[in-house]
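Contents: one structure, followed by commentary.
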Amino acid sequence: MDKIKLGIIGAGRIGKLHVDNLKNLKNVEIKSISDIFVDNIKEWAEQNGIQVITDNYMNIINDPEINAVFICSPTDTHVQIIKDAAKAGKHIFCEKPISFSLEQTVQLLETLRQSKVKFQTGFNRRFDHNMSRVQELVSQGKVGDPHILKITSRDPAPPHKEYIKNCGGLFIDMSIHDFDIARFVIGSEVEEVYVQGAVLVDPVFAEFNDIDTAIISLKFKNGALGVIDNSRQAHYYDQRVEVFGSKGCVTIQNDFPNSAELSTADGVQKDKPLYFFLERYNTAYINEVQAFIEAILNDTPVLVNQNDGFQAELIAHAAKLSYLEKRPVRIEEITNRLVNITI
Ligand SMILES: NC(=O)c1ccc[n+]([C@@H]2O[C@H](COP(=O)([O-])OP(=O)(O)OC[C@H]3O[C@@H](n4cnc5c(N)ncnc54)[C@H](O)[C@@H]3O)[C@@H](O)[C@H]2O)c1
């Protein structure tokens with residue numbers, strides 16, 4: 001295969017971003033796009049040279065010319081679309097999380113195993129220049145045995161009310177990226193989770209039984225300990241990681257639009273870090289879709305697969321239980337609840 005024909009399902013924030021990045025790749029043609037609000041995207045899709053614009057994603061799935069789909073619709077639509085795409089033999093890039101339900105994600109693992117299509121989970125941060133360097137250094141043993149992981153992950157501003165209502169909560173919507181990065185940089189699965197959570201930013205989170213602030217303690221199978229702190233409102237985008245080990249420590253700081261520092265009699269000032277995920281992870285989003293396309297073209301394994309999606313969801317569900325029951329939760333406790341399902 002020398003050219004991949006793609007269909008994009010869902011043309012909101014992330015769907016449009018992927019189109020912007022994919023259209024610059026050689027060996028790729030974005031043939032079709034689907035969105036339930038097709039009128040909203042018609043002009044934009046035409047400007048991007050997309051041939052087929054449809055309100056029914058099955059028109060993409062049933063098109064024999066399409067090799068792969070990008071699932072960028074809301075999370076509660078992912079399960080059915082993944083099943084349909086896998087059945088039709090289309091390779092799948094699916095945004096995080098794979099689903100809200102662990103039972104459904106586990107069933108999808110089996111569906112995907114049988115279909116043999118490639119499946120990449122949208123954990124873009126692994127493709128970030130800083131995060132990937134931390135992983136590289138830790139896996140090369142440069143910090144020795146990892147002892148302590150610290151992740152600070154705070155959004156500049158909370159999402160709107162409708163988003164909060166439907167996003168599945170802090171852990172599965174936001175912290176899930178941090179759970180993936182934790183597994184990625186430490187190179188070990190999480191064994192136990194303990195959470196302290198609070199509503200400190202906006203009471204609207206409480207209306208939906210959600211929280212906006214959390215301290216998440218992790219214990220990894222290799223013995224390392226980790227802590228993630230999340231806030232839905234820092235007024236700037238705060239994304240920092242540290243791995244401390246037996247031989248040293250690696251840290252990454254925020255990314256800034258420039259390195260200018262203004263020093264005056266009043267103090268030292270610099271611009272705020274890159275505003276939010278679209279800016280901060282711009283290159284990571286480009287790298288992740290490129291990696292997916294290369295995996296198809298070269299028939300090589302994807303770099304972030306369905307198991308990565310599942311493992312991060314396990315931690316998210318354990319975190320939620322820990323918060324609700326105010327106790328440490330072992331991942332095993334969550335997997336034991338899935339006993340009737342083959343993992
Ligand atoms: N990786 C990341 O950094 C990242 C960032 C944001 C969102 N996401 C994930 O991407 C997904 C979409 O989020 P978003 O912020 O782009 O949402 P969004 O609401 O901006 O866009 C979703 C789009 O999907 C469309 N849609 C709804 N049902 C559909 C269906 N059945 N078929 C086709 N289109 C349909 C909607 O009309 C909308 O245009 C979510 O799963 C979210 O968790 C990932």
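For ligands, and for the atoms within them, numbers begin at 1 and follow the listed sequence.
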Suppose we measure from atom 19 (O) of ligand 1 to each protein heavy atom; which comes out shortest, and what is that distance? Pro74 CG, 4.9 Å
Could any protein non-hydrogen atom be found less than 4.0 Å from atom 41 (O) of ligand 1? yes
Judged by atom type as modelled, is there a donor-acceptor pair below 3.5 Å linking the side chain of Asp212 to the main-chain atoms of Val201? yes
Any protein heavy-atom neighbour for atom 17 (O) of ligand 1 (distance below 4.0 angstrom)? no
Are a donor atom and an acceptor atom from the side chains of Asn166 and Asp76 found within less than 3.5 Å of each other? no
Would you say CD of Glu325 has more than 12 non-hydrogen atoms from neighbouring residues, nucleotides or ligands within 6.0 angstrom? yes
What I want to check is whether the side chains of Asn230 and Ser175 have a donor and an acceptor closer together than 3.5 Å. yes
Is the distance between the ring centroids of His18 and Phe93 under 6.0 Å? yes
Suppose I only count heavy atoms of Thr75 and a 4.0 Å limit; which atoms of ligand 1 are within that range? 40 (C), 41 (O), 43 (O)
Taking 4.0 Å as the limit for heavy-atom contacts, which would you say applies to Phe277 with ligand 1: side chain only, backbone only, both, or neither? side chain
With a 4.0 Å heavy-atom cut-off (strictly under), which part of Cys167 contacts ligand 1: side chain, backbone, both or neither? neither
Sub-4.0 Å heavy-atom contact, Tyr285 with ligand 1: yes
Got a donor-acceptor contact below 3.5 angstrom from the Asp35 side chain to the Gly10 backbone? no
State whether Phe256 and Lys272 meet the cation-pi test: NZ (Lys) or CZ (Arg) under 6.0 Å from the six-membered ring centroid, and within 45° of the perpendicular axis. no
So which heavy atom in the protein is nearest atom 25 (C) of ligand 1, and how far is it from that ligand atom? Asp35 OD2, 3.2 Å
Atoms of ligand 1 close to Asn124 [distance to a heavy atom under 4.0 angstrom, numbered from 1]: 1 (N), 2 (C), 3 (O)
Looking only at side-chain N and O atoms, does Asn287 offer a donor or acceptor that is under 3.5 Å from a partner on His129? no
How close does the nearest protein non-hydrogen atom get to atom 35 (C) of ligand 1, and which residue and atom is it? Ser73 CB, 3.8 Å
Between Ile176 and Phe171, is there a side-chain heavy-atom distance shorter than 4.5 Å? no
Do Asp238 and Tyr236 have side-chain N/O donor and acceptor atoms under 3.5 Å apart? yes
Would Lys16 count as a contact residue for ligand 1, given that I'm defining contact as a non-hydrogen atom of the residue lying under 4.0 Å from a ligand atom? no
Using a 4.0 Å cut-off to any heavy atom of Ile9, which atoms of ligand 1 qualify? 32 (N), 33 (C)
Atoms of ligand 1 less than 4.0 Å from Gly122 heavy atoms? 1 (N)
Quick one: nearest non-hydrogen protein atom to atom 21 (O) of ligand 1, plus distance? Gly12 CA, 3.1 Å
Using a 4.0 Å cutoff against the non-hydrogen atoms of Phe37, which atoms of ligand 1 qualify? 37 (O)
Is it the side chain, the backbone, both or neither of His177 that has a heavy atom closer than 4.0 Å to ligand 1? side chain
Could you tell me if Gln104 and His78 have a donor-acceptor pair between their side chains, going purely by distance under 3.5 Å? no
Report yes if some N/O of His78 lies less than 3.5 Å from some N/O of ligand 1; otherwise report no. yes
Which heavy atom of the protein is the closest neighbour of atom 13 (O) of ligand 1, given with residue, atom name and distance? Ile14 CG2, 4.2 Å
Pairs under 3.5 angstrom only: tabulate donor-acceptor contacts from the side chains of residues 219-229 to other protein residues two or more places apart or in another chain.
from	atom 1	to	atom 2	distance (Å)
Asn222	OD1	Ala224	N	3.0
Asp229	OD1	Arg154	NE	2.6
Asp229	OD1	Arg154	NH2	3.0
Asp229	OD2	Thr152	OG1	3.0

Measure the distances from the heavy atoms of Arg125 to every atom of ligand 1 and state whether one is below 4.0 angstrom. no
Mind checking side chain to side chain contact (heavy atoms under 4.5 Å, CB included) for Thr105 and listing every partner two or more places apart, or none if nothing turns up? Ile98, Ser99, Phe310, Glu313
What residue and heavy atom of the protein are closest to atom 6 (C) of ligand 1, and at what distance? Arg13 NH2, 3.7 Å
What residue and atom, counting heavy atoms only, is the protein's closest point to atom 12 (C) of ligand 1, and at what distance? Cys72 O, 3.3 Å
If you scan protein heavy atoms around atom 44 (C) of ligand 1, the nearest is Glu95 OE1, 3.1 Å
